[in-house]
Amino acid sequence: MGRPPCCDKVGVKKGPWTPEEDILLVSYIQDHGPGNWRAVPTNTGLLRCSKSCRLRWTNYLRPGIRRGNFTDHEEKLIIHLQALLGNRWAAIASYLPERTDNDIKNYWNTHLHKKLKKLEANGVSSSSSHQPISKGQWERSSKLTSTWQSKLYVMPCPSISRTVPRRS
DNA sequence: AAGTTGGCCAACCGCCTGCGT
DNA sequence: TACGCAGGCGGTTGGCCAACT
């Protein structure tokens, strides 16, 4: 028997969120806090899957999120961290607390990846030419150190509000 | 003005991990 | 120890919109 779906697909709404749904979700989380996502659709009456609720909150509704143009500093940091960590967007996002992993991933795929390719085509070496830390290296470093910051071998993160990456 | 193309980004999908039992 | 479930993550998709022909 295969693994059951995360939620009942029948009667679950998909697609863009409406302002009314956003209000329901935000007011519920303001009252109860994020977490226990499975209970959110039931308690709010939202016809959404729990995953969808969590995604909407973390990527769009969560307070403190900055949207729009990335600064030069953010761009350089993303390039540096991507070269260091590879496509571990959640780990990269922990260094940019105002940005979501989805935002960073989208920005990388649409802007930076092309930009770097262009630069490399022009013979300009980029930081992405470095080898990212392999999964094995990551795991080994995790055994040697206890703090999340030390795993990265880069500057300490000013505020890590998200969970540490998996396989850490 | 109408049709086509390409970029952007919100959201979905499926896999993995950690935790509780 | 094994199993089931919820949450987390990265890859991918699809719809919208602006630019172009």
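Only this structure's heavy atoms are used, side chains among them; waters, hydrogens and symmetry mates stay out. All of these numbers come straight from a predicted model, not from anything done at the bench. Reminder, nothing fancy here: chain letters follow the sequence lines and each chain counts from 1.
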Among dG7(C), dG10(C), dC12(B), the one nearest any side-chain atom of R38(A) is dG7(C)

For the side chain of D103(A), starting at C-beta, report the closest nucleotide among dG10(C), dA10(B), dC12(B).
-> dA10(B)

Would you indicate, yes or no, if dA11(B) has its OP1 or OP2 atom less than 4.0 angstrom from a side-chain nitrogen or oxygen of R56(A)?
-> yes

Between dA6(C) (P) and L55(A) (CG): distance, integer Å = 18 Å

For dA10(B), does OP1 or OP2 lie under 4.0 Å from any side-chain N or O of K105(A)?
-> no

Between the side-chain atoms of R54(A) and the base atoms of dG8(C), is any donor-acceptor pair under 3.5 Å?
-> yes

Polar side-chain contact N59(A)-dA11(B) base: donor and acceptor under 3.5 Å | no

Please report, rounded to the nearest Å, how far the C1' atom of dA10(B) is from the CH2 atom of W17(A).
-> 12 Å

Here the distance between atom C1' of dG10(C) and atom CD of Q82(A), to the nearest Å, is 13 Å

Any side-chain N or O of W37(A) under 4.0 Å from OP1/OP2 of dG8(C)?
-> yes

For the residue pair F70(A) and Y107(A), does the interplanar ring angle fall in the parallel (under 30°), tilted (30 to 60°) or perpendicular (over 60°) class?
-> parallel

Could you pick out which residue, H111(A) or S52(A), lies toward the 5' side of DNA chain B when each is mapped onto its nearest nucleotide?
-> H111(A)

Check whether any side-chain nitrogen or oxygen of W89(A) sits under 4.0 Å from OP1 or OP2 of dG11(C), and answer yes or no.
-> yes

Give the rounded distance in Å between these two atoms: CZ of R99(A) and C1' of dA10(B).
-> 15 Å

Think R67(A) has a side-chain N or O under 4.0 angstrom from the OP1 or OP2 of dA10(B)?
-> yes

Looking at side-chain heavy atoms only, is the closest gap between L25(A) and V40(A) below 4.5 Å?
-> yes

Rounded to whole angstrom units, what separation is found between the CG atom of N106(A) and the C1' atom of dC12(B)?
-> 13 Å

Is any side-chain N of the basic residue among R66(A) and E74(A) closer than 4.0 Å to the acidic one's carboxylate O?
-> yes

Give the nucleotide from the list dA10(B), dG7(C), dA11(B) with an atom nearest to the side chain of K51(A).
-> dG7(C)

d(OH, Y107(A); P, dC9(B)) in whole Å | 10 Å

Base, sugar-phosphate, or nothing for N87(A), non-hydrogen atoms under 4.0 angstrom?
-> sugar-phosphate

Y60(A) has an atom OH; how far is it from atom P of dC12(B), in whole Å?
-> 14 Å

May I ask you to test the C53(A)-P41(A) pair for a side-chain heavy-atom distance under 4.5 Å?
-> yes

Round to a whole Å and report the spacing from CZ of R48(A) to P of dA6(C).
-> 20 Å

Is the shortest side-chain N to carboxylate O distance from E21(A) to R56(A) below 4.0 Å?
-> no

Atom of Q82(A), atom of N87(A) and distance for their closest heavy-atom approach = NE2-OD1, 2.6 Å

Sugar-phosphate, base or nothing in reach of N102(A), heavy atoms under 4.0 Å = base

